[in-house]
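Chain letters run A, B, ... following the sequence lines, proteins first, then strands; residues in each count from 1. These values consider heavy atoms only, across backbone and side chains, with no hydrogens, waters or symmetry-generated copies.
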Amino acid sequence: MSQLPFDPLLVSIAAPLALALAIALGLPKRWSVLLAYGAFAIPVLMALHVWWHFTATPLPSHGYAFLTRYDTGLSGLGISLHLGLNGIALPLFVLAALVGLAAGLYAIQSGAERLKIYLMLLLIMQGGLMGVFASVDIFFFYFFHELALIPTFIMVGIWGGRDRSYAAMKLTIYLTLGAMVSLLGLIMLYVQSGAHTFDLIALRAHLAAHPLAATLQNNIAGLLLFGLGVLVSLWPLHTWAPLGYGAAPSSAAMLHAGVLKKFGLYGLIQVALPLLPDGLAHWAHPLAWLAVIGNVLIVGVITIAQRDLKQMIGYSSVMHMGYAFLGIAAGGIIGPGGVVLLMVAHGLSVALLFLLATAIYHRTQTFAMDEMGGLAQKTPVLAAFFVAATLASIGLPGFANFWGELAIFVALWKFSPLITALAVAGVVLSAIYGLRSAARVFFGPSTDALAKVTAAHPPVDLSWKERFPALILLAALLFIGFWPKSLTTPVNAALTARAPAAATK
Amino acid sequence: MTMLSHAIFVLILPLVSAAIIALFLRRAGGIAAAVSTLTATAIAGISVLLALRNERFTESFEWMRFGDFAISLGFKFDDLAALMLVIVGIVGLCVHVFSLGYMHDDAAKARYFGGLSIFMFSMLGIVFADNLFMMFIFWELVGFSSYVLINHWHEKQSASDASKKAFIANRVGDFGFLLGIVMCYWLNGTVNLTELAAKGEAHTLVFSTLIPLFLFCGAVGKSAQLPLHVWLPDAMEGPTPVSALIHAATMVAAGIYMLCRINVLMVPDALTVIMWTGTATALYAALCAITQSDIKKVLAYSTLSQLGYMVAAFGLGSLSDTHQHDGVPHTIIIAAGVGAAMFHLTTHAFFKALMFLGSGSVIHGCHHEQDIFKMGGLRMRMPLTFWTFTIGVAAIIGFPYLAGFFSKDAILYLAYAKNTPVFALLALTAVLTSLYMVRLWKLTFLGEPRSDHASHAHEGGLTLTLPLVLLAVLSLVAGYTAFYPKVFSGVFDLIPVAHDTDHTIIFITSLGVMIVGASTGYTFWKSTPTDTLADKLPGLFSALSALRASFDGAYDYYVAKIQQRFALFVNFFEQIFLAGLIVRGLAGFVGLFGLGARALHVGNLNAYVYWFLLGIVMLWLFATGVVTL
Amino acid sequence: MANFLFYAFALFTLATAAGVVASKNAVNAAMCLLLSLVGVAGLFVALNAYLLAFLLLLVYAGAIVALFLFIVMLLDMKETESRGFGKLSLAAIILAAGLLVTGLSTFATRGRLPVGDPALTPALGPDIKLYAYQLFTTYLLPVQVMGFLLLIAMLGVIVLSKRWEGSDDVK
Amino acid sequence: MTLEAVKLAAEANQWGAIFPELLLACLALALLALEIVLPKRLHAYIPDFALAGLVATLAAHLLNLPSANLGKESFNGLLLHSPGGQVMRAFFLLTAILVCLLARVSLTKQKVPRIEFYHLVLVITGAMMLLVQSNHFVMFFVALETVTIGFYILVSYFRTSSASLEAGLKYLVMGALSSGLLLFGIVLLYGVAGNPTLPGHSASAMHYPELAQFLVANPHHFLASVGIVLVLAGVAFKIGAFPFQIWVPDVYQGAPTPVTAFLAVGSKAAGFAVLLVLARDVFAAYDWLVTPALTAMAAATILFGNIAALTQHNVKRLIGLSGVSHAGFLLLGIVALAGPVASVSATGAIYFYLFAYLIASFAVFGVMAHVAGTDDSDQTLDHYAGLAKENPFLATILTVGLGSLAGIPPLAGFMGKFFIFVAAFEGGARWTLALAAVGVVISIYYYFGWIKAAFFQQWTPPADTTDPRPPRTPVNVVSGIALGCLALASIFLGFYQGPLGQWLTMK
Amino acid sequence: MTSATLDHYVLISALLFAIGFFGVLLRRNTLVVFMCLELMLVASTLALVAFSRFNGTMDGNVFVFFILTVAAAEVAVGLAIIVALFRKRQTIQLNELNSLKN
């Protein structure tokens, strides 16, 4: 399948981590930065390589390719570093690599204080993220997620903006809560399945033969939904997200909101859906109502009221996670498929938005949208990027997000037309806040506040160093937007193969 | 090259043009304009070629798939699409050429022409779409292009607001549109237009009143019907050629086109709703147009009114004739709303584009003066514009044997045959149309100049006048069905044609309303710097103004007072109640326990011994079986 | 007779033990402790553990209590126990006492052990050789450990008490 | 009573089986001898000698890990050489090495005798090693008391500081009280199990296997259960389980930092190793009592430890109370082991957790020893402000250590918690497990609060600048390497457990 | 008068133990507290000797040796600490020895 003499998955995990370790051990700054380009680029190359070769040969019945297993000493517990990708993991793996590269490039050019440590933490995140989506073993899937999570706290704390201390603490406590509860769920699954393995493939085979009892499924699914719900900011457990993202430095916010947050949804799709179908179905209605009323409508309305650009983006991200939950609640093939698409798309677009928000901040010295206005006259390219990113995030066709939302809505109707109607109403809300923010920041006449700032620092348009990472993300959004099949084919294959019996509802 | 590859080429070409402009020609406005205009020329040429070749085809390519759910990128090229394609191609070309002159000195010319190309791409997508999902995709893209173009002069607060409003109002419509599509998908298992039509033939279609109504929401948004019409007058903040292209001839007509596309899904209840919506819009917009002083706003309300006509025409449904054939009743549709609506759409596209471009020419000539009370006397200074504009006015008010005359008659006849109240209201609208159009025409072109700009007005260059002439010619001839090649028979055969007494009644009515309206308008309004109506009948004037302002007022009130306050309230609730009271409260609660637990370490050994006692007692209770877990 | 001796010693022991708790003065407490130990030694004798009784008196009474007295004198505290408990601590004490009594009563009622005839079980206590045998065979390792225990105790006392060069704390 | 019998008994005393302990004893004596023999100027090298000896002993022990005596009793059944015992021996030797390293940092700043400190550490280590291998209550008690009395001295070792002395006194009184309880429990068990009228009685009632047999024969004897309860109370004091944890913060705060570390890691681990044997093997028949009691204890311990630590500003008290919560997690492992559905992986989980805790704790204590300055009592969170800027190395070590204690992947502490959780789930302690999860979340607040202080805060001198922050001790090569190794070990063990993991999960 | 059986001895020792515990709970003079702790140890030895006698095994008696030794060591160390502390603080009242607290 892959002609490389090494395991591309392991390399893409290990390369960033190795550099992070080297930096920790005292690599000089010049070399750190130089090598960081490579460490962020390698996962992308690997991801593209893997993507390219994914369908080269027919997949085995479990749907995974590039399987390799490394024993870390826990094979007795049924745990091993089992790497591989299926059609669902592949898009997210590529996403992680791309956003990682963009975040890395943006971080390198940002010239942050203590850049070495910043890069080191970012690299740890990157390595963890690659690991999350490359792990077939549920334990390592969780493990890598946590690995990627820790740097967020420190990055928010050191390089964060307003309220960073409180935000960092709240973020960490919330995310730990979510992680702990989902860990309990996973342990419950591990013990109760009787398979005594965390290996997803083996577990799936085992549970196909010996399905779990209904109550058990409900309990485990409940734990996972709560835990992962916190991680993915399911209403009303979401309050960490806007605060945290509002305070986080751009690259951390990009990686976290863009990729890391997808862990929970990915877990639900990859683990909960195939292993606990009845359990998820049991919770589907409460979940859907919570998501549609809470995430989509309430948070959507709240987003309209935001004055701080970054918080606004944070809230909009929370809102879009509502759609993802709706897709999972809807089930079948279309719903989860749409969620995978939406995850990738949202990851790219929200990362792009955070990147641009920071770029705006550098020009206006504020995140308060009231104090901007008319910036487009000075920075047309930045404005174009921002408008494109905003439109992508509110689901304009031509961008990847649209496909995800569309598939989710289609799936949702079968689940509940009423919920669908409410969810689609959210599209209007997102148009309102999206366009409003673009207008407040860029259009209309220049405000006095902006004039004052620009008098001191004449704003320059997006430089190429900033533009390049943004272009990567935007290009990916457009690529998927115009050619969704590139992503949906593997996803569809994986989902269809997984549920041959389940009606394609 | 096959026809299909031509179609694909036509669709892709403007996208490529837009991409090239966005990527490489951002600073080279002249080249960008050339690229875009050449593209438009090619599109117009190939469109006409495609239409005339009388080859109709359907073809689709899978775009994405989840399980059984697939969305395809498809082409359904039938007579309806061919007609629409030609309209879009020709009007598009005219507007491009006109823009060359009109936007010559604009700093962001590249963005403008890029936007035009994107618009062409989106609009062609709607035209070709063979399924509703694809139509929805391009539907939204059209909205986006409109957003970009209205917002062209983004440093103006009004332009920024108008573009936002346009997009959001369209989104509201799309909300229903999407629901309709999804509902249709689950009910009928497909949203492919050909398959739906086949199902309709085979009588296996599952009907629901909700589906057409939901889908109609999309048309309400895009074609600016009540109550989502608010965005269209504001959209006049965009450059005038944009108004001509998007907000008069093509995009707003997409709603009508879409309705015609989904005709098979219609049920009588839905048609009634559509009909009344159209009628109401037609009348309301005509009333609003009377008091406008901005030349483009008058045209905008006129557009609204005409769109209402088309929607009403569609809603009136079909005229059928039942034959006894071998003892079995056979129903033959001899005429349909589809035909009337599309006919009016076609003629309207030409004469309304003509008038918008004419107004653009006027505005250009008057150095961006748009107030008709500051114009006057342009007949002498801009003769070509005057004559072409006059043709446009004559066409819209239904001057006999001009384009509007025929299409309006077709609609009136349909209304007459189907529903008398609607007929009456539409006739009244026609009176009003003549009234305000003549008012506009007189105030702009006749009398004496009322401002410096007007007195120094001059005709624009060739790029400005050539499109006017072309469109004027079309406005003259487009009403004759014979003018159209046979290739559009799929549409034009359905145009209701009155015969005998009906014909006479309609003819007289039509002529009557035109004369009444035009003469009143001509005699009543004087070429003065103030509105004659406001001077003489201030009560009526303010009533009409209030009628117009009521929707905008309600809209503004909703945005500022309800939506914003509600958002702030919910935000406040979240900050105080959820993030504050519950989350911080919980943290504080735990922290309180923490302080309590901390306070237990009093430092005194005697106190600590009690803890041991406590422990022993606890364990003792387990041992004695008093407590079990 | 044996019974009488048992009850006498038992009562004496408990009474003097109570004296330790109750006496206001540390010297009195120490004296009570001494007497209590004597009572326990008496009970040891009643249990035929003569050697242990002897040892108890020797080690405890002779060494430990003496040490206590010595320290009491050395520290020469002006004041004895500061009297008076607060209401809270009084309540706590009563509660504690109640709990202890309850516990003891359950212990006394439920903790009954059946015994065979004591005459039939051999009284091993008097046999001194047995102690030696056990200590030097079975329990040799603990004895060695005990040696180290005493060593570190000694070292500890030195560390804590000796005046070290350079240390300025000792007055 | 013949000479042969004595010989026979003496043969049972296989001194070779306890050669690491003997080595330590000899080393301890050698230190005292060297102090007398060597000239004063060479005294500074005696601690290095002790360290070298410890390392050598550890190496020898590791070489002998699969000992021939494994699974056998020695010293007439006083000791049982089990795999767990082997692990714990290595554990204590490692602890001792690290304590000595810490002492090298801390003691040099104080005017106190040094060599005696190392001597005490060696003796206590030896006693702990015997304690965890003891198979008989006499051995158990004697070893335990040696450890405890040694700690009395160590805690009050900085006798120039009244805090140290007060801590010593508190530890002494509480320790003696718990010893009293423990002893009475042992006595009751001895009395009951030796009672000739009861079924399954034994002539050697303090010998674990025989006691266990007796308990199996009398599964609901009241006095036996009281004895068990008292023994549990005594052990609970050692491990600092609720409600016997109350002494922990005061004593930890007052004790010299190396001793705090020794207490926190060594003493606690010894308690758990003992509890593991008692709960799993000896008191197995009384799981109706032991399991609920320990479950309740675990739950209360986790909650109390975390909640009480939440608002602490003194890092030594903080680490003490967090240690209490760790005791709760370990108790959870014991519960999993002792419960009706014994978890197969619980034993390994407990050992792994202990090692992870050892590594992480010493990393943190190492940083504490450096930050404290000359006066060992300056140990509040404020002293950590700006640490990341001034000494990124220490700050990094601190982060890794605290992260591991908090149980954050990829650090060893997480794996420990994970194993415990799996075991607890298998053992059926679901609700306690849920509480434990809550505990982890609460603990994040104070652990990260500490990191926050080191990374995000700046040192602002108090308004009256009479109290300047004590200077930080510069990190020398040896402690630098040691701390670095600890941090790396925390990371490494998190990623890769290798043979260790295989060995632990094999059972 | 019934003869003194094992129960009596055990009860006496339990009482003695309880009195000791109560003393630790109650007294504020460190030295007296310490004496009470010794009482508790002695109570254990009493039970031990009684059990040893009635069980007919020698272990209990031997154990007493160890306990006595431990007690002696404990007292030595304890008193050393108390003395050192008194030198520092001029008091051995427990309620005044509470500088280490929350």
Side-chain angles (χ1 to χ4, degrees), chain A residues 170 173 236 239 243 298-299 301-306 332-334 337-338 341 374 376-377 380-381 383-384 387 391 396-398 402-403 406-407 409-414 417 420-421 424-425 427-428 431-432 435-436 438-439 442-446 483-485 487-489 491-492 495-496 504, chain B residues 15 22 26 62-69 71 108 111 122 133 136-141 143-144 147-148 151 154-161 163-164 167-168 170-172 174-176 178-179 181-183 185-186 559 563-564 566-575 578-579 582-583 587:
Chain A
K170 185 167 178 178
I173 288 182
T239 54
L243 185 74
I298 294 183
V299 174
V301 168
I302 290 173
T303 315
I304 295 176
Q306 295 309 308
I333 291 176
I334 314 172
L341 263 181
Q377 296 162 41
V381 176
V387 170
L391 291 172
L396 188 78
F402 167 77
W403 294 106
L406 181 68
F409 293 148
V410 170
L412 205 54
W413 182 277
K414 190 81 181 167
T420 315
V424 176
V427 168
V428 179
I432 293 174
L435 295 184
R436 176 186 287 232
F442 286 106
F443 304 137
S446 269
W483 193 28
K485 239 188 152 175
L487 271 192
T488 55
T489 306
V491 174
N492 183 37
L495 286 169
T496 317
T504 53
Chain B
L15 179 65
R26 206 171 58 79
E62 193 174 287
W63 214 349
M64 66 163 262
R65 168 180 289 279
F66 285 126
D68 292 340
F69 170 70
I71 295 179
R111 170 153 48 84
S122 325
F133 279 119
F136 179 78
I137 288 166
F138 286 98
W139 193 262
E140 288 256 299
L141 283 178
F144 159 70
Y147 170 76
V148 169
N151 199 18
H154 57 69
E155 62 278 4
K156 276 164 63 186
Q157 188 62 47
S158 52
S160 166
D161 289 347
S163 62
K164 201 169 73 188
F167 195 96
I168 291 170
N170 269 302
R171 268 264 157 138
V172 174
D174 294 352
F175 157 79
L178 182 58
L179 283 180
I181 297 173
V182 172
M183 189 173 175
Y185 173 77
W186 286 114
V559 169
Q563 177 189 301
Q564 190 61 17
F566 181 65
L568 284 172
F569 169 75
V570 177
N571 187 38
F572 179 78
F573 181 79
E574 155 146 332
Q575 296 300 333
L578 197 64
I582 295 198
V583 174

Ile582(B), part contacting chain A, at a heavy-atom distance under 4.5 Å: neither

Value rounded to 0.5 Å, distance of CD1 in Ile302(A) from CD in Gln575(B): 7.5 Å

Heavy-atom closest contact (Glu140(B) atom, Leu396(A) atom, distance): O-CD1, 3.8 Å

Heavy-atom proximity to chain A below 4.5 Å, by part of Gln563(B): side chain

Plane angle bin for Phe443(A) and Tyr147(B) - parallel if under 30°, tilted between 30 and 60°, otherwise perpendicular: perpendicular

Segment of Phe133(B) engaging chain A (4.5 angstrom heavy-atom cut-off): side chain

Pick from Ile173(A), Thr239(A), Val301(A) with the largest number of heavy-atom pairs that fall under 4.5 Å of chain B: Val301(A)

Minimum heavy-atom distance between Gly444(A) and Gln157(B), given as atom pair plus value: CA-OE1, 3.6 Å

Residue selection (most heavy-atom pairs with chain A, distance under 4.5 Å) from Phe566(B), Trp139(B), Phe138(B): Phe566(B)

Proximal component of Leu391(A), with respect to chain B [non-hydrogen, under 4.5 Å]: side chain

Residues that Leu15(B) engages under side chain to side chain contact (heavy atoms under 4.5 Å, CB included), provided they are two or more places apart: Phe482(A), Ile118(B), Phe121(B)

Rounded distance [0.5 Å steps], CG in Leu178(B) versus CZ in Phe409(A): 6.5 Å

Within-4.5 Å side-chain heavy-atom neighbours: Phe66(B) and Leu341(A): yes

Atom of Ala439(A), atom of Ser160(B) and distance for their closest heavy-atom approach: CB-OG, 3.5 Å

Atom pair OG1/CZ of Thr488(A) and Arg65(B) - distance to nearest 0.5 Å: 9.5 Å

Asp174(B)/Val427(A) under side chain to side chain contact (heavy atoms under 4.5 Å, CB included): CA gap, chis, key distance, verdict: CA-CA 9 Å; Asp174(B) 294 352; Val427(A) 168; over 6 Å; no

Gap separating the CZ atom of Phe136(B) from the CG atom of Leu406(A), nearest 0.5 angstrom: 7.0 Å

Over all atoms of both residues, closest heavy-atom pair of Lys485(A) and Met64(B): CG-CA, 4.1 Å

OH-NZ distance between Tyr185(B) and Lys414(A), expressed to the nearest 0.5 angstrom: 9.5 Å

Proximity breakdown for Lys164(B) and chain A, heavy-atom pairs closer than 4.5 Å: both

Nearest atoms (heavy-atom pairs only) where Ile304(A) meets Gln564(B): CG2-OE1, 3.9 Å

Taking every non-hydrogen atom, the tightest pair across Asn571(B) and Gln306(A): OD1-NE2, 3.1 Å

Between Trp483(A) and Trp63(B), ring centroids under 6.0 Å: no

Between CG on residue Leu435(A) and CZ on residue Phe167(B), distance to nearest 0.5 Å: 5.5 Å

Which of Asp161(B), Ile137(B), Ile181(B), Val182(B) touches chain A most, by non-hydrogen pairs under 4.5 Å: Ile137(B)

Non-hydrogen side-chain atoms of Pro380(A) and Arg26(B) separated by less than 4.5 Å: yes

Top of Trp413(A), Phe442(A), Phe402(A) for chain B proximity - count of heavy-atom pairs under 4.5 angstrom: Trp413(A)

Audit row: Ile333(A), Phe69(B), side chain to side chain contact (heavy atoms under 4.5 Å, CB included) steps and yes/no: CA-CA 9 Å; Ile333(A) 291 176; Phe69(B) 170 70; over 6 Å; no

